[in-house]
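A short write-up of the structure that comes next.
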There are 2 protein chains.
Amino acid sequence: MTVHPQTTRESLSKERLRLWLKLLKTSRSIEDEVRRRLRRHHDWTLPRFDVMSALSRAPDGLKMGEISRMLKVSGGNITGIVDKLTEEGLALRVAIPGDRRAQLVRLTDKGQEMFARHSADHEAWIDDILGGLDADDLGGMIARLDRLTETLLAEDKDAD
Amino acid sequence: MTVHPQTTRESLSKERLRLWLKLLKTSRSIEDEVRRRLRRHHDWTLPRFDVMSALSRAPDGLKMGEISRMLKVSGGNITGIVDKLTEEGLALRVAIPGDRRAQLVRLTDKGQEMFARHSADHEAWIDDILGGLDADDLGGMIARLDRLTETLLAEDKDAD
DNA sequence: CTCAAATATTTCAAGCTTGAAGCAAATGGC
DNA sequence: GCCATTTGCTTCAAGCTTGAAATATTTGAG
C-alpha cells in the first residue's frame, strides 16, 4: 500500500496534480450535498450557516476580519452576510472599547436558537455523508491534511 | 499512528466533522492560491480555466451537461461561461447530427493555444503548492479520497 | 402512431464572491 | 507630538453560482 512503482520527479508532479483534482472534486461534492440538504430542510443558505457556525463557537464575538480569515473568504463578503444576519435579528455588532475601527459580531439569542436547530441536523448529515470512512481512514486523512496545511502556511511567507 | 484512543460512535462522528472542516479549509486555501496566481500572471479567471481544461482533454468536444457534471457546477452556469469563451473566439459550439437538443463545445485553435500557455504554469504551481507531500502521502490521500468518493456515489442513490 | 415522461439546454432573479478603492482609526519611528 | 504606515472595515462593479422555470427535442409505453 505504501509501495509505488516510480517516484521520479515527473511522476510525483503528476500525482500531486491528480490529488489536487480529486481533493477539489470531493470537496465540491460534499459541499453541494450539504447545501442541498440545508436548502431543502431549513430553507437556509450555506454561507450564512458557515458564518453563524463560526460565531456560535465564540461566545464573546468575533471581529469581521477574524470571521473572514476563519472561513477563507474575502472581507467585503462578510460585511454583506453580517449585514443581512443583523437585519434579521440573528446577529449584532458590538463596539470594542479600545478600538473604534473594529466591532465584535455576536449571535443574538434568536440567532443562537436558530443555529442550534440547524446545527444538529448538519452534524448528522456529515456523519451520514462521510459514513464510509472508519477511524483509520479518518486519522490518516486528518494527519495528511495537517501536513498539507503546514506546507501551505510555509508557502505564504515566500511564495510568488 | 493508526491507533486511536476511542472509537465509539460519538467520537467517530466528531472526527468525521473535523475531517470535513479540514478538507474544506484546505481545498479553499489551495483554490485561493491558484486563483491568485492565475489572476496575477495571466489575468485570467479560475472558472474559465476549469472549463477550458475540461475541453482540452476532449478533442472531440463535450456537451454542456458533460462539462457541468465534470466540474460539479450547475448547468446554467456553464452556459454563461461558454458564451463568453465563444464570444472571445476561444471555443465554439458544434451541432450533433443525431440530437438537435444538444451541441458539442470545442476549443478553437486560439483556445488550445491560450490554454497551453496557462496550463504549463498551472502544473508547476500545483507542484509547488503541494510540494510538501511525498509519494507516500500522495498515495495515502488518493486512496482515501477514492474510498470517500465511492461512499458519495452510493449516497446519491438512496439519500435524502 | 401518440403523448407523457425524460433529456439537454437556456434564461433569469437572487444571492454570493472577489479584488480594488476608499475611509477612518490606531500605531510607531522620530 | 507629528505624520507615514498599517490595520479594520465598507463600498462597489464585475463576474460567478445556484435553483427554478421555460423551451425544445427525443424516447418509450401502449
Side-chain angles (χ1 to χ4, degrees), chain A residues 24 27-52 61-88 91-105, chain B residues 24 27-52 61-88 91-105:
Chain A
L24 183 58
S27 186
R28 283 198 184 156
S29 295
I30 299 175
E31 205 171 349
D32 277 358
E33 184 62 28
V34 173
R35 189 203 324 284
R36 209 168 57 78
R37 296 190 188 196
L38 202 52
R39 162 175 289 267
R40 176 186 315 221
H41 294 287
H42 297 292
D43 191 27
W44 201 248
T45 271
L46 194 47
R48 292 153 92 94
F49 179 84
D50 288 342
V51 169
M52 291 184 80
L62 292 172
K63 294 197 284 185
M64 303 295 286
E66 290 175 329
I67 301 174
S68 95
R69 276 188 297 277
M70 288 173 78
L71 301 182
K72 301 269 175 214
V73 144
S74 72
N77 195 341
I78 298 296
T79 298
I81 294 172
V82 169
D83 280 353
K84 287 221 170 142
L85 291 178
T86 300
E87 281 167 23
E88 293 167 20
L92 50 81
R93 289 172 159 94
V94 190
I96 298 178
D99 189 340
R100 273 188 301 170
R101 292 170 305 181
Q103 289 168 297
L104 284 177
V105 185
Chain B
L24 184 59
S27 185
R28 282 197 184 156
S29 295
I30 299 175
E31 204 170 350
D32 277 358
E33 185 62 28
V34 173
R35 189 204 325 284
R36 210 168 57 80
R37 295 190 189 197
L38 202 53
R39 163 174 287 267
R40 176 185 315 221
H41 294 286
H42 297 290
D43 192 25
W44 201 247
T45 267
L46 195 46
R48 294 153 92 94
F49 179 83
D50 288 342
V51 169
M52 292 185 79
L62 292 172
K63 294 197 283 185
M64 303 295 286
E66 289 175 329
I67 301 174
S68 96
R69 276 188 297 278
M70 287 173 77
L71 301 182
K72 300 270 173 214
V73 144
S74 74
N77 194 342
I78 297 297
T79 298
I81 293 172
V82 170
D83 280 354
K84 286 220 170 143
L85 291 178
T86 300
E87 280 166 24
E88 292 167 21
L92 48 82
R93 289 172 160 96
V94 189
I96 298 176
D99 190 340
R100 276 186 299 171
R101 293 170 303 181
Q103 290 169 297
L104 284 176
V105 185

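- Of the candidates A:R39, A:R40, A:R35, A:H41, A:H41 is the only one forming a side-chain contact (heavy atoms from CB on, under 4.5 Å) with A:R37.
- In this structure, B:D83 places its CG atom 11 Å from C1' of C:dT11, rounding to the nearest Å.
- As a whole-Å value, the separation of A:D32 CG from C:dC16 C1' is 14 Å.
- Side-chain N/O atoms of B:R101 and base N/O atoms of D:dT26 include no donor-acceptor pair closer than 3.5 Å.
- As a whole-Å value, the separation of B:D43 CG from D:dA14 C1' is 13 Å.
- If you measure from atom CZ of A:R28 to atom C1' of D:dT17, you get 11 Å, rounded to the nearest angstrom.
- Put simply, B:N77 has a side-chain N or O that comes within less than 4.0 Å of OP1 or OP2 on D:dT18.
- Residues A:R48 and A:E88 form a side-chain contact, since some pair of their non-hydrogen atoms from C-beta on lies under 4.5 Å apart.
- Backbone-only contact: A:G98 has heavy atoms under 4.0 Å from sugar-phosphate atoms and none from a base.
- With a 4.5 Å cut-off on side-chain heavy atoms, A:E31 and B:R28 count as touching.
- The residue among A:D99 and B:T45 whose nearest nucleotide of DNA chain D lies closer to the 5′ end is A:D99.
- Rounding to whole angstrom units, CD of residue A:E31 and C1' of D:dT18 are separated by 12 Å.
- In this structure, A:R37 places its CZ atom 14 Å from P of D:dG19, rounding to the nearest Å.
- Remark: B:R93 is in phosphate contact with C:dT10, judged by side-chain N or O atoms under 4.0 Å from OP1 or OP2.
- Set against C:dA8, D:dT17, D:dG8, the side chain of B:A102 has C:dA8 as its closest nucleotide.
- An end-to-end axis angle of 30° holds for the helix from C:dC1-D:dG30 to C:dC30-D:dG1, taken from five base pairs per end and rounded to 10°.
- Phosphate contact (OP1/OP2 of D:dA24, side-chain N/O of B:R100, threshold under 4.0 Å): absent.
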Legend entry - CA sep, side-chain torsions, deciding dist, call: B:M64, B:V82, side-chain contact (heavy atoms from CB on, under 4.5 Å): CA-CA 9 Å; B:M64 303 295 286; B:V82 170; 4.1 Å; yes
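- Listed here is the closest heavy atom pair of A:S68 and A:I78: CB-CG1, 3.6 Å.
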Distance-only donor-acceptor pairs under 3.5 Å for side chains of residues 70-77 of chain A, two or more places apart:
none

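- Rounding to whole angstrom units, CG of residue A:D50 and C1' of C:dT17 are separated by 13 Å.
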Inset, instruction - Kindly indicate, with the supporting measurements, whether the criterion salt bridge (charged side-chain N to carboxylate O under 4.0 Å, His left out) is fulfilled by B:E33 and B:R36. - result: CA-CA 5 Å; B:E33 185 62 28; B:R36 210 168 57 80; 3.0 Å; yes
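- Between B:K63 and B:V105, every side-chain heavy-atom pair lies at or beyond the 4.5 Å cut-off.
- Nucleotide C:dG19 holds its P atom 17 Å from the CH2 atom of B:W44, rounded to whole Å.
- The residue among A:T79 and B:G75 whose nearest nucleotide of DNA chain D lies closer to the 5′ end is A:T79.
- Contact record, A:W44 with A:F49: NE1-N, 3.7 Å, taken as the closest heavy-atom pair.
- When distances are taken from the side chain of A:R35 to each of D:dT18, C:dT9, C:dA25, the shortest belongs to D:dT18.
- The stretch residues 61-74 of chain A touches DNA chain C through A:K72, A:V73, A:S74, each having a heavy atom under 4.0 angstrom from the strand.
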